[in-house]
Every structure is written in C-alpha cells, then in structure tokens.
S.K.: 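Before anything else, here's the structure in question.
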Amino acid sequence: MVSTYIKAQSERCGMTGKESNSKDLMERQTTGEDRVRMAARQLSEPRTANWIASEADWSHEPTKRVLERLVGDGVLHRDESGTHTTYYPDYRRQAMQEAMRLRDSGRTVEELTERLAEMKARIRDWEDEFGVESPNQLRGTLADESLDAAEEDRRREIAREWEQLQRRVQVVGFAIREWDFLAPTTEPVEANS
C-alpha cells in the first residue's frame, strides 16, 4: 500500500528506471514515521500495529508510538474490543479532506457530476451482469461450483473495486452537494453564538 503510493509519487515526479524503484525511494526519501503516517492514512479497515509496521517497513514499538500519537491527535481511532488492538482512521475526516481536495483540484462541478454518473453507471452494470445488489452478494456467488478459478478471481476483484467505488460515490456526491461550502476562502469563518 505505502510502496504503491511511493511508486505513484515517483512516477508523478517523472522518475524512471532505478530511480522509480519504490523500495529505494521509500528508504531514501521517507522516515519510518512518515511511512507509518502514510499507511495509517490509507487504511480502509481496522488494522493492527504489526500489520501497519509491516506495511511501513518499520519495527513494531516505534510504529505503535506513532499510532498512539495519531490517536491522541484525533487522526486515528483505537479499538481494543477484539483479541488484538486495531487502529482505523477517522473516516469522516478522510471524506472531508478528500472532498476539499476535489473542490480545490481545478475540476468543475459539472466534471465531477459527470464522473459521479460514470461511477454509478459502472455499479449498475455490475448489478445487471451478476444479478446482485452489493459487493457482498457478488462474493456470495463464488459458492457456485460451475465457476472456474479465473472467474472467481475476477468476481473477487470486482467486489473490491465495487466497494471502493461506493466510497468514491459518497465522497464525490458530498463534494458536489457542498460545492459552495467547500470553496477555499481567505476570510476566517465566524461561528454564530
């Protein structure tokens, strides 16, 4: 996950060949704490400190210290209800930040509306193709013994993509609904008391 992010960053910066090797770039340009923060921001489900440490290619104890600071800062939440403590981001904060990035990206509200329509059409296509209404219902079709391994893999991948697309639909829809509110401003907003 983090290495994918680093690789995308290196490609965006025009790096090629050995320079774009994500592992080399990660080691040269980021600290362990940076990598933990990147991994934590990209979580789509609760994960343990060990899992995050592995993703960040850093040891457990310093990873846990960074995670606890992120919990203290309100960036992450900690869940101790299961057999292992897990960490997950504040999804509301993530959605708000992504909506602000969309608003500030230079795209028009019409372009975002078109993108929203395309995402929803893709979901409807999957619903029609498989006769299901959700990614989990699609996963349930894997019990069909007539499916070959390639089709099972395809359906699992589509289910993952479908879930990601559902989250994007929510964020893009929010950005469109709150377009004026999300506009960058140079004046501080005063709260009514």
Side-chain angles (χ1 to χ4, degrees), residues 1-105 115 119 134-136 138-139 142 152-175 178 182 184:
M1 173 181 12
V2 174
S3 59
T4 303
Y5 172 81
I6 301 276
K7 182 177 181 187
Q9 292 298 92
S10 66
E11 290 169 358
R12 188 174 62 83
C13 295
M15 300 174 103
T16 59
K18 188 174 180 183
E19 285 181 303
S20 67
N21 182 318
S22 61
K23 189 81 164 166
D24 289 347
L25 183 65
M26 187 179 343
E27 290 170 359
R28 279 197 322 266
Q29 296 186 349
T30 61
T31 66
E33 183 168 341
D34 292 336
R35 294 188 306 271
V36 169
R37 287 176 178 277
M38 284 188 282
R41 284 188 189 110
Q42 295 177 37
L43 293 176
S44 58
E45 62 188 78
R47 296 292 188 170
T48 64
N50 282 337
W51 188 92
I52 296 168
S54 174
E55 284 295 302
D57 195 27
W58 211 30
S59 58
H60 175 79
E61 284 306 315
T63 295
K64 191 167 180 179
R65 284 193 297 272
V66 172
L67 293 173
E68 289 303 320
R69 277 197 306 271
L70 292 171
V71 168
D73 292 343
V75 174
L76 291 180
H77 296 285
R78 177 182 48 239
D79 181 2
E80 298 176 11
S81 64
T83 55
H84 301 286
T85 299
T86 57
Y87 299 86
Y88 59 96
D90 182 337
Y91 298 115
R92 293 174 304 164
R93 178 184 286 200
Q94 277 185 335
M96 179 63 84
Q97 288 172 338
E98 179 60 21
M100 289 187 308
R101 278 192 292 275
L102 287 170
R103 178 61 168 96
D104 297 344
S105 70
R115 179 67 183 124
M119 290 186 292
S134 72
N136 281 337
L138 179 57
R139 287 182 181 100
L142 296 175
E152 288 176 2
D153 289 344
R154 177 177 170 263
R155 289 180 185 210
R156 274 194 294 276
E157 181 58 34
I158 289 172
R160 281 190 294 273
E161 188 177 340
W162 189 340
E163 285 176 333
Q164 291 171 340
L165 214 48
Q166 284 177 320
R167 286 190 288 273
R168 293 295 302 156
V169 163
Q170 291 175 338
V171 170
V172 172
F174 174 75
E178 300 299 333
L182 294 170

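Along the sequence shown, the residues carry numbers beginning at 1. Predicted, not measured: the structure shown is a model, and the values here were computed from it.
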S.K.: If you compare all heavy atoms of Leu67 against all heavy atoms of Ala40, which two are closest, and at what distance to 0.1 Å?
M.R.: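 Closest approach of Leu67 to Ala40: CD2-CB, 4.3 Å.
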
S.K.: Check whether any side-chain heavy atom of Arg69 lies under 4.5 Å from a side-chain heavy atom of Val75, and answer yes or no.
M.R.: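 The answer is no; the side chains never approach within 4.5 Å.
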
S.K.: Quick check for you: to the nearest 0.5 Å, what is the distance between Arg78 atom CZ and Lys64 atom NZ?
M.R.: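 The CZ atom of Arg78 sits 8.5 Å away from the NZ atom of Lys64.
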
S.K.: What's the separation between atom CZ in Arg101 and atom CG in Leu182, rounded to the nearest 0.5 Å?
M.R.: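 So the gap between those two atoms works out to 12.0 Å.
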
S.K.: Rounded to the nearest 0.5 Å, what separates atom CE in Met119 from atom CD in Gln170?
M.R.: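 Reported value, rounded in 0.5 Å steps: 10.5 Å.
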
S.K.: Pairing donors with acceptors under 3.5 angstrom, does anything connect the side chains of Ser81 and Asp79?
M.R.: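 Per modelled atom types, Ser81 and Asp79 side chains form a pair under 3.5 Å.
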
S.K.: Compare every heavy atom of Gln166 with every heavy atom of Pro135, then report the nearest pair and how far apart it is.
M.R.: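 Scanning both residues, the minimum pair turns out to be CG-OE1, 3.6 Å.
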
S.K.: Could you go through Leu70 and Tyr87, starting from their C-alpha distance and side-chain angles, then the distance that decides it, and tell me whether this counts as side-chain contact (heavy atoms from CB on, under 4.5 Å)?
M.R.: CA-CA 10 Å; Leu70 292 171; Tyr87 299 86; over 6 Å; no

S.K.: Trp51 vs Leu43, test: side-chain contact (heavy atoms from CB on, under 4.5 Å). Steps then yes/no.
M.R.: CA-CA 11 Å; Trp51 188 92; Leu43 293 176; 3.6 Å; yes

S.K.: I'd like to know if the side chain of Asp34 and the backbone of Thr31 have a donor-acceptor N/O pair within less than 3.5 Å.
M.R.: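 Checking the backbone N and O of Thr31 against the side chain of Asp34, a donor-acceptor pair under 3.5 Å is found.
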
S.K.: With sequence neighbours excluded, what pairs up with Ser54 under the side chain to side chain contact (heavy atoms under 4.5 Å, CB included) test?
M.R.: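 Testing Ser54 for side chain to side chain contact (heavy atoms under 4.5 Å, CB included), a comparison that skips the adjacent residues, returns none.
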
S.K.: Strictly below 4.0 Å, N to O, side chains only: are Arg47 and Glu55 in salt-bridge contact?
M.R.: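 Not counted as a salt bridge, because no side-chain N and carboxylate O are separated by less than 4.0 Å.
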
S.K.: So Met96 and Arg92, do their side chains get closer than 4.5 Å, heavy atoms only?
M.R.: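 SC-SC contact between Arg92 and Met96 ruled out.
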
S.K.: Enter the distance from Glu161:CD to Arg154:CZ here, rounded to the nearest 0.5 Å.
M.R.: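 Going from CD on Glu161 over to CZ on Arg154, the span is 10.5 Å.
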
S.K.: Please find the pair of heavy atoms, one from Leu138 and one from Ala159, that lie closest to each other, and give the distance.
M.R.: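 Heavy atoms only, the tightest pair is CD2-N, 3.9 Å.
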
S.K.: So, for Ala39 and Ile52, which heavy atoms are closest and what is the spacing to 0.1 Å?
M.R.: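 It is CB-CG2, 4.1 Å.
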
S.K.: State, to 0.1 Å, how close Asp104 and Pro184 come at their nearest heavy-atom pair, and which atoms those are.
M.R.: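 Closest approach of Asp104 to Pro184: OD1-CG, 3.2 Å.
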
S.K.: Assess whether atom NE2 of His60 is packed by more than 12 heavy atoms of other residues, nucleotides or ligands within 6.0 Å.
M.R.: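 Result for NE2/His60: enclosed.
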
S.K.: Short question: side chain of Arg35, backbone of Asp57 - any donor-acceptor pair under 3.5 Å?
M.R.: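 A pair under 3.5 Å: yes.
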
S.K.: Is a donor on one side and an acceptor on the other found under 3.5 Å between the side chain of Arg155 and the backbone of Leu142?
M.R.: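 No; zero donor-acceptor contacts below 3.5 Å.
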
S.K.: First locate atom OH of Tyr91, then atom CD of Glu45, and finally report the distance between them rounded to the nearest 0.5 Å.
M.R.: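 Going from the OH atom of Tyr91 to the CD atom of Glu45 covers 7.5 Å.
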
S.K.: Go through the structure and list residues passing side chain to side chain contact (heavy atoms under 4.5 Å, CB included) with His77, not counting sequence neighbours.
M.R.: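 Tyr88, Asp90.
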
S.K.: For Arg160, enumerate each residue passing the side chain to side chain contact (heavy atoms under 4.5 Å, CB included) test, keeping only those at least two apart in sequence or located in another chain.
M.R.: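 Scan of Arg160 (side chain to side chain contact (heavy atoms under 4.5 Å, CB included), adjacent residues dropped) gives Arg139, Arg156, Glu157.
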
S.K.: Can you see which heavy atom on Ala49 is nearest to which on Thr63, and at what distance?
M.R.: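 That would be O-CG2, 3.8 Å.
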
S.K.: Nearest 0.5 Å please: distance from the CZ atom of Arg168 over to the CZ atom of Arg115.
M.R.: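 It comes to 7.5 Å.
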
S.K.: Does a salt bridge link Arg65 with Glu33, judged by any charged N lying under 4.0 Å from a carboxylate O?
M.R.: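 No.
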
